[in-house]
Amino acid sequence: MPEGSAERPHVEIRDVSKTFGHVVAVDRLSLDVATGSFTTLLGPSGCGKTTTLRMLAGFYDPDAGDILIGGVPQQGIPPNRRNVSIVFQDYALFPHMTVLQNVSYGLKFRRLDKAERDRRVSRVLEFLGLDALEARHPHELSGGQQQRVALGRSIVMEPHVLLMDEPLSNLDAKLRIRVRAELKEIQRATGITTIYVTHDQDEALSLSDRVAVMADGRLQQYSEPWELYHAPANRFVADFVGYANVIPGRVLERGAGTATVLVPGSNTPLRCLDPASRAAAGADVGVMVRPEWFTLSPADEKAAITDGVVLIGEVRSGSFLGAFVRAFLEVPGIGDPLVVESTVTRQDQMASGTRLRLCLPHDRAVLVD
Amino acid sequence: MVVAALALFVLYPLLVAAAAPRAEDWLRALTTARWRVTMLNTLQMAALSTISSVIIGFLYAYAVTRARIPGARLFMLVPLLPLITPPFVSGLAFILLFGRRGLVTYELLGLNTDIYGWHGLWLAQTVSFFPIAFLAIAGVLRSINPNLERASESLGAGRWTTFRTVVVPLAAPGVGAAALLVAIAVLGDFGNPMLIAGRYRVLATEAYLQISGWADMRMGAVLGLALLMPAIAFFFLQRRLQGSSVGRFVTVGGRGSRIEPAPVSPMARWGLFTFCLLIALFMLAKYAVILLGAFTPVWGVDYTFTLDNFRRVVVRGPELWNSLRFAGSAALVCAVLATISAYLVYRVKVPFGRALDLVSLLPAAIPGTLLGIAYVLAFNTPPLQLTGTATIIVISMVFSYLPVGYRIAAATLHQLAPSIEESAADMGASSMRTFFDVVLPLISTSFSAALVYCFVKAIGTLSAVVFLISHGTVVASASILNLAEQGYWGWAAALASLLVGIALLTLGVAKLVFGRRFAFFDI
Ligand SMILES: Nc1ncnc2c1ncn2[C@@H]1O[C@H](COP(=O)(O)OP(=O)(O)OP(=O)(O)O)[C@@H](O)[C@H]1O
Ligand SMILES: [Mg+2]
């Protein structure tokens with residue numbers, strides 16, 4: 001079972017860099033992963049997620065920096081001596097072995113008696129619902145089943161750290177959501193410290209205890225999903241996780257983790273969050289607002305008393321998406337149309353040309369640059 | 001048309017050859033000690049050369065595809081040389097290197113030994129044919145997903161265990177198939193045993209001697225047929241193996257960024273590097289010594305520089321010109337047939353595709369010696385009296401290298417976007433437009449590839465044509481054999497150098513013109 005003291009993070013990545021030729025794949029990355037947690041590396045293609053995972057697995061040595069697992073520096077320890085297991089994006093199941101042979105492969109290299117080995121294998125097969133398939137070869141399995149065999153092959157090792165590189169990307173959309181839920185269940189049940197790689201924000205938000213967003217090899221933000229969405233550390237994170245409207249503004253006054261900002265189209269100052277403390281009085285900043293943070297009402301109705309800023313905009317186009325409507329709104333003084341999302345009760349509420357009152361509450365919008 | 005041609009020029013002569021010997025000839029072949037020894041020798045030589053070729057081919061392939069040795073790309077090119085140059089170049093080179101007056105044995109070491117005999121033949125066959133194993137095995141190794149090895153390591157297996165439990169079993173069917181390809185090539189080879197086997201007898205040369213020396217056509221046919229049987233068996237076994245490995249071991253999963261193979265230990269890496277270097281140098285030495293021989297007046301005696309040999313072989317006889325002419329025409333016909341077959345099988349997907357595929361490849365299993373004998377037997381009487389003509393030589397070349405051309409054409413068709421025709425048609429191109437804009441360029445590329453490769457192979461062919469040449473139709477390869485037997489090393493080497501040069505030049509020009517579209521070594 002996973003070890004490592006409670007006060008010490010289980011996996012420590014300290015200032016790790018890795019360069020391939022001229023490409024800096026990972027650039028001074030530092031990350032602490034708590035014991036038993038589910039941590040996700042999230043970022044666009046080529047940002048260095050896989051490279052980070054491969055360094056954890058021991059396939060590459062970092063050019064600089066240290067990786068510690070359970071407090072032990074991993075430098076120079078080959079993959080087969082690390083108690084780390086990896087699930088590959090293409091599963092990398094041994095095609096010439098049956099499901100049973102695949103799952104029991106790694107245990108052959110552990111000093112375990114046969115009974116214990118068999119017990120562990122059958123427990124995992126049963127746990128993953130693979131017991132009926134144990135005599136099949138990988139090519140006789142569906143994508144979802146292959147994925148489970150790959151997972152089983154790893155968790156049967158009871159690794160200190162389980163690494164997964166986009167394990168769901170080869171599944172079709174429906175299956176992906178189901179397996180995603182299963183994965184989370186399995187991780188909770190086994191309590192294995194898991195580091196997961198994906199470029200899919202939904203996956204990252206729904207699965208993880210903490211998410212590390214990367215871009216160009218660098219860590220952008222490392223926080224819980226909720227915070228990632230509501231208080232992105234910068235423009236990149238804001239854009240990458242969910243949709244971000246960025247409204248130009250000017251700082252009037254800065255507070256502790258907040259700032260008061262004047263935005264175009266309103267004389268009332270808006271109190272924004274400023275997690276990265278970028279505000280300086282008089283500076284031009286970007287104010288990030290998620291599409292569903294606005295409260296909408298018809299422009300000709302008498303304004304309700306709101307604790308925030310009111311803007312008037314005109315619907316350019318709207319699309320009905322079932323549960324809600326997504327509309328592009330033109331607001332004078334703001335260059336790009338704002339994207340807003342809202343539930344509606346009447347079909348024509350957000351028809352093109354409609355003038356709407358947008359209410360943006362205090363302490364919601366975030367300064368991003 | 002292809003089928004009819006194959007029936008007439010492959011099946012029919014084979015049947016004639018099969019019908020030629022009487023029961024007593026078979027009995028005589030089986031009971032005479034001499035023939036029994038010959039048959040055993042043949043199998044023994046095939047087994048020995050196959051084993052050594054596969055071992056060397058595997059190590060070499062592993063070194064260049066997995067061990068990341070320095071200069072891997074360069075090392076990859078060297079074994080391709082023997083594939084495009086006539087195999088008997090090895091035999092000739094080894095005589096010059098290790099023969100009675102050999103550069104190494106006589107000049108350097110002052111030894112009085114020679115390499116004539118089974119060990120010399122073994123060496124020559126290994127060097128000539130291990131590239132076949134190399135190429136096939138390199139393809140197999142490359143197709144193994146490196147993530148599998150990484151996964152195995154990560155699960156706790158050491159490098160050696162990973163190699164043993166993952167790489168070896170996955171490569172095994174492909175390696176088996178490669179071994180059979182080598183075995184077929186060794187069984188059918190004629191030039192090397194003729195040159196350096198000495199008194200060690202094998203079927204291909206004995207069949208020839210029976211006919212040329214004793215005019216015993218029936219015995220020749222028996223010996224040739226004896227050669228056919230294992231070759232055909234190996235051919236079908238090879239197809240089975242290849243099919244099974246594709247079906248069973250297809251990589252599952254699909255998308256995913258691949259990692260480069262795990263590095264091998266530095267010791268293994270440098271060991272493999274040294275190994276490859278030695279092999280490559282040895283192979284290059286083979287060509288160097290031929291070239292040296294070509295500029296040497298009397299090998300082993302007089303090493304002053306001369307151009308005389310070249311002048312003599314170019315001026316003296318029509319051999320080279322004949323070779324060019326015959327190989328050129330054969331390549332043209334061969335490429336047409338090959339392209340039609342490949343197009344029918346791989347693009348049109350005709351219902352009898354599998355059968356057509358089989359018969360187009362089948363001649364690969366027929367030893368050239370037998371084909372030669374069968375042609376002599378089948379085409380020496382009207383209505384198809386062709387013996388002694390240039391036509392029959394061209395025809396024999398066409399059908400000897402049809403499989404080669406077919407594979408190349410198929411690989412080229414395969415490599416060029418598998419469904420561009422469909423998409424062109426989808427986009428609304430009329431079938432005429434589709435044909436001219438899409439199909440024609442496609443066909444012409446695969447046609448050119450087949451043309452070039454058939455030409456390169458045909459110009460050095462020997463085993464079938466030795467039976468078919470007559471006074472006016474001597475070709476360079478046969479002439480080289482003759483000159484070597486009589487000890488005219490300089491002339492033989494000059495002619496061989498020219499053949500090698502022409503082959504390389506042709507390929508080089510083709511590569512320049514067509515670039516990456518040529519799927520030369522995907523076979
Ligand atoms: N073995 C390698 N050799 C050379 N460059 C590499 C190698 N591995 C990764 N890179 C480069 O390093 C950068 C980071 O690659 P990495 O595979 O870690 O990205 P990723 O975040 O996993 O992307 P993806 O989402 O596409 O899988 C890329 O620019 C990539 O081209
Ligand atoms: Mg990746």
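Labels below follow one simple rule: chain letters A, B, ... track the order of the sequence lines, proteins then strands, and each chain is numbered from 1. Note that these values count all heavy atoms, side chains included, but never hydrogens, waters or copies made by symmetry.
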Using only non-hydrogen atoms and a strict under-4.5 angstrom cutoff, which residues of residues 151-161 of chain B touch chain A?
A151(B), S152(B), E153(B), S154(B), L155(B), G156(B), A157(B), G158(B), T161(B)
Answer yes or no: does atom CG of N83(A) have more than 12 heavy-atom neighbours from other residues, nucleotides or ligands under 6.0 Å?
yes
Would you compute the distance between atom CG of N147(B) and atom CD1 of I86(A) and round it to the nearest 0.5 angstrom?
8.0 Å
First locate atom CD1 of I144(B), then atom NE2 of H96(A), and finally report the distance between them rounded to the nearest 0.5 Å.
9.0 Å
Which residues pass the side-chain hydrogen bond (donor to acceptor under 3.5 Å, both in side chains) test with T50(B), not counting sequence neighbours?
none
For D357(B), side-chain hydrogen bond (donor to acceptor under 3.5 Å, both in side chains) partners two or more places apart
R239(B), Y406(B)
Could you tell me which residues in residues 100-116 of chain A have at least one non-hydrogen atom under 4.5 Å from a non-hydrogen atom of chain B, sorted by residue number?
Y105(A), G106(A), F109(A)
Does any heavy atom of chain B fall under 4.5 Å from the side chain of F88(A), the backbone, both, or neither of them?
side chain
If you take all heavy atoms of L148(B) and L93(A), which pair is closest and at what distance?
CD2-O, 3.1 Å
